[in-house]
Amino acid sequence: MTTPTQRLSADDVGLTSAAQLLRDGALVAFPTETVYGLGADARQGGAVAAIYTAKGRPSFNPLIVHVADIATARKYVDWPARAAALAAIFWPGPLTLVLPLRAGHNLSPLVTAGLSTVGIRIPVHPVAQALLTSFGGPVAAPSANPSGRISPTTADHVISGLDGRIAAVVDGGSCDVGLESTIIGFDAESAVLLRAGGLPSEQIEKVLGQPLKRADESKITAPGQMLSHYAPRGAVRLNATTARPDEHMLGFGDIKGDLTLSASGNLPEAAANLFGHLHRLDALGGGIAVAPIPMEGLGHAINDRLNRAAAPRS
Ligand code: TXA
Ligand code: MG
């Protein structure tokens with residue numbers, strides 16, 4: 001028999017329980033500004049392994065480590081000047097930096113899938129901040145959904161995907177950004193965009209004063225960026241202007257849908273609605289037809305997620 005997943009409140013009582021569960025090696029989902037994360041103590045191999053079991057992840061992809069502040073981050077990674085410049089401007093926030101592991105770090109090798117680098121980020125969501133501060137250590141957290149399914153942007157999404165498979169979820173309402181973090185790595189010369197995400201790459205390029213290299217032009221790759229990902233149960237058809245009889249329409253701008261990402265064509269609003277609307281349309285059954293989304297700003301990350309949702313399933 002499985003124990004149902006506990007729903008914890010985002011107040012002192014709930015956060016104290018959540019931090020204790022993490023110390024005990026249990027899995028706790030929590031809100032961040034991007035999506036809900038499925039957290040485990042990144043130093044406990046057994047706890048990190050349980051993430052893979054709960055999600056049904058096929059292989060050990062490297063996980064992002066979440067910390068409360070830069071001082072804690074520096075215990076685990078080397079700190080090149082280029083990383084410091086980005087962190088100073090964009091942390092806390094929806095940016096993950098892939099950096100060399102520091103000697104003497106005590107992270108479980110399962111977190112990094114055996115790589116010599118680790119993805120690290122400081123979320124800005126007040127509930128994530130409070131939990132990380134109360135816990136006082138590094139929390140490994142992928143998105144809190146079964147592997148290959150749509151990412152969760154509410155506690156209800158987490159429960160519907162993982163009930164009975166994780167100890168608890170801290171309910172902090174819905175996520176503002178709604179897309180996973182932008183992931184940046186570094187090769188010898190340049191910063192490399194490993195995953196488009198909630199921080200538009202144009203903003204990063206402005207700070208760097210030069211274009212980001214794309215992962216396919218660099219030796220660094222983002223493991224685990226599987227083509228079919230974020231997938232609803234039904235088929236997804238992109239760049240549609242109307243729905244077929246067996247589909248529901250996800251609209252944008254002038255193209256109205258059963259649900260519309262943003263009637264005014266606002267990309268941050270569309271990003272925040274993306275996974276929630278996909279969850280709701282998917283629950284209706286049938287396929288999903290999606291209106292075209294412009295390739296600018298957050299449109300890059302939105303189209304990346306939609307392309308994965310529409311990709312042939314393996
Ligand atoms: O917004 C987010 O980033 C969410 C929230 C919960 O923080 N987390 C998230 O984690 O999206 P996840 O596990 O779904 O994505 C982790 C991805 C990996 O698939 C990989 O592409 C990249 O981060 N990554 C992590 N460590 C890496 C490394 N050392 N080298 C290259 N890529 C890495
Ligand atoms: Mg994910």
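Numbering of residues begins at 1 and proceeds along the displayed sequence. Indexing begins at 1, ligand by ligand and atom by atom, following the structure's order.
Taking distance alone, with nitrogen or oxygen atoms compared against 3.5 Å, N61 stays at or beyond that limit from ligand 1. In terms of polar-atom proximity, T117 is counted as a contact of ligand 1, with an N or O under 3.5 Å from an N or O of the ligand. By the 3.5 Å distance cut-off applied to N or O atoms, T32 is not counted among the residues near ligand 1. Remark: ligand 1 and T96 share no N or O pair separated by less than 3.5 Å (distance only, no angle test). Considering backbone and side-chain atoms together, R195 places an N or O closer than 3.5 Å to an N or O of ligand 1.
Scanning H125, H66, E180, E33 for the heavy atom closest to atom 7 (O) of ligand 1 points to H66. Nearest to atom 27 (C) of ligand 1 by heavy atom, out of P123, A141, P62, is P62. The heavy atom nearest to atom 1 (O) of ligand 1, out of those in V139, T34, V65, is found in T34.
Counting the atoms of ligand 1 from 1 in the order shown, those under 4.0 Å from a heavy atom of I183 are 17 (C), 22 (C), 23 (O). Residue contact check: L115 has heavy atoms under 4.0 Å from atoms 28 (C), 29 (N), 30 (N) of ligand 1. Listed by atom number, the atoms of ligand 1 under 4.0 Å from S143 heavy atoms are 9 (C), 10 (O), 14 (O). Heavy-atom contacts of G37 reach the following atoms of ligand 1: 6 (C) (cutoff under 4.0 Å).
For R102 (side chain) and R74 (main-chain N/O), a donor-acceptor pair under 3.5 Å exists by modelled atom type. Of the possible polar contacts, none joining the Q203 side chain to the P200 backbone as a donor-acceptor pair under 3.5 Å is found.
Residue contacts with ligand 1 leave out T112, since none of its heavy atoms falls under 4.0 Å from the ligand. Using a 4.0 angstrom heavy-atom cutoff, G185 does not count as in contact with ligand 1.
Of the charged side-chain nitrogens involved, none lies within less than 4.0 Å of a carboxylate oxygen, so that E189 and R82 do not count as a salt-bridged pair. Comment: E205 engages R214 in a salt bridge, judged by a side-chain N to carboxylate O separation of less than 4.0 angstrom. Here K213 pairs with D187 in a salt bridge; the nearest charged N to carboxylate O distance falls below 4.0 Å. A salt bridge links E247 to R237: at least one charged side-chain nitrogen sits closer than 4.0 Å to a carboxylate oxygen.
In the model, S264 has no side-chain atom that pairs as donor or acceptor with a side-chain atom of N266 under 3.5 Å.
To the nearest 0.5 Å, atoms CZ (F90) and CG (L97) are separated by 10.5 Å.
Below 30°, between 30° and 60°, or above 60°: for H157 and H279 the angle between ring planes is below 30°, a parallel geometry.
Partner I183 forms a side chain to side chain contact (heavy atoms under 4.5 Å, CB included) with one of L199, I64, L193 and no other, that one being I64.
Under 2.8 Å from the Mg ion (ligand 2) lies an N/O/S atom of S143, whether from backbone or side chain.
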